[in-house]
Amino acid sequence: MTAPAQTGAAWVPFSATTRMSGVDLSEPLPRSLRKGAAASVADWVREHGGTVPDELEEVVGRISGAGGTPLAVAEAVDGGARVLGVIHLKDVVKPGLRERFEQLRTMGIRTVMITGDNPATAAAIAAEARVDDFLAEATPEQKLALIKAEQAGGKLVAMTGDGTNDAPALAQADVGVAMNTGTSAAKEAGNMVDLDSDPTKIIEIVEIGKQLLITRGALTAFSITNDIAKYFAILPAMFAGVYPALGVLNIMRLSSPLSAILSAVIFNAVVIVALIPLALRGVRYRPSTASALLTRNLWVYGLGGVIVPFAAIKLIDLCLVQFVPGI
């Protein structure tokens, strides 16, 4: 929002360092106004020769404890400065946000809220939204340091943000998602832009990524075990005539070397076609931990890759013997 034009006014933009914004007026009387974090405004009042009332800390603490954001307003004129009052801003937690964070926990993802609010306000909001942790009064440098520390611990970090102050952290994160309503700096720093401006859209991003990974893992597990099973079916039947001792490995009791090879070739052609829809659609992802997903893949697709070829090749062998004379 553009500040209204006013003669003799010098606007002071908000900074994550000063945590204040305001205006310096020269008409009709020289004076300065500041609005921002209570601690920063209180320091500014003292620097300009004013005193801070004792009740300021009490009011700020009451607002913060209720989950609100206190913004102190002060003015400085010739001869001193004073606190004018405190504005109470209330952050509204979106409906369903708790459930979304719980879903992230089920997926094995830890959520951290990074905010410029004071610790009391941040703690109240974090408890209401049920995030795993929070960082209060965060500067761009602190956001960046937090992400680097997590990455140094071997973790993948995804971040959502919308402000210019979020740009360094968005660029550093393994996955940076900028809000469509955010600044140009945030959009340029992120890997992608969420057109819905929903911070929890990271859930869909993770789901798509994990679905791709588990689909590839499922197809790989099935292919490896499937090939092993086919070799157990073909090799004993092929070489049993030359090496009779290998006959004990012909556990499927295939009719002949020719029927064994034809059965394996037919099965291989059929199974490749059957796997195409699975590869295109992908394996359905259910929120779970990485170890649980791996176990499920091994049981369903790994064990399935062993059982299916044995059963299918034996069935094809029986059909060949029944319907193809001389095989």
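Any value given below was found using the heavy atoms of this structure, including those in side chains, with hydrogens, waters and symmetry copies removed.
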Gap separating the [atom1] atom of [X] from the [atom2] atom of [Y], nearest 0.5 angstrom:
X      : Y      : atom1 : atom2 : value
Asp317 : Ser259 : CG    : OG    : 4.0 Å
Asp194 : Ile205 : CG    : CD1   : 6.5 Å
Leu97  : Ile125 : CG    : CD1   : 11.0 Å
Leu262 : Cys319 : CG    : SG    : 13.0 Å
Leu315 : Phe267 : CG    : CZ    : 11.0 Å
Asp43  : Glu47  : CG    : CD    : 6.5 Å

Practice prompt. Please name all residues satisfying side-chain hydrogen bond (donor to acceptor under 3.5 Å, both in side chains) with Thr51, sequence neighbours left out, ordered by chain then number.
Written response: none
Fill in: Any residue meeting side-chain hydrogen bond (donor to acceptor under 3.5 Å, both in side chains) with Glu102, in chain and number order, not counting sequence neighbours
Arg105
So does [Y] get a backbone contact from the side chain of [X], meaning a donor-acceptor N/O pair under 3.5 Å?
X      : Y      : answer
Asp166 : Gly163 : yes
Glu150 : Ala145 : no
Arg34  : Met20  : no
Glu188 : Ala185 : no
Thr111 : Asp132 : yes
Thr183 : Thr164 : yes
Asp196 : Asp198 : no
Lys143 : Pro168 : no
Asp174 : Val157 : yes

Item to complete: Salt-bridge test for Glu57 and Arg62: reply yes if a basic N is under 4.0 Å from a carboxylate O, no otherwise.
Response: no
Worksheet item: Thinking salt bridges, do Arg19 and Glu137 make one under a 4.0 Å N-O criterion?
Response: yes
Worksheet entry | More than 12 heavy atoms from other groups under 6.0 Å of CZ on Arg100 | yes
Worksheet entry | CZ/Arg98: more than 12 non-hydrogen atoms of other groups inside 6.0 Å | yes
Discussion item. Is there a path of hydrophobic side-chain contacts, each under 4.5 Å between heavy atoms, that joins Phe14 and Leu71?
Written reply: no
Worksheet item: Are Leu25 and Leu84 joined in one hydrophobic group, where the rule is that I, L, V, M, F, W and Y side chains link up if heavy atoms are under 4.5 Å apart?
Response: yes
Worksheet item: Below 4.5 Å, heavy atoms only, C-beta onward: do Val59 and His88 meet side chain to side chain?
Response: no
Practice prompt. Could you verify whether a donor N or O on one side chain and an acceptor N or O on the other, from Ser32 and Asp24, lie under 3.5 Å apart?
Written response: yes
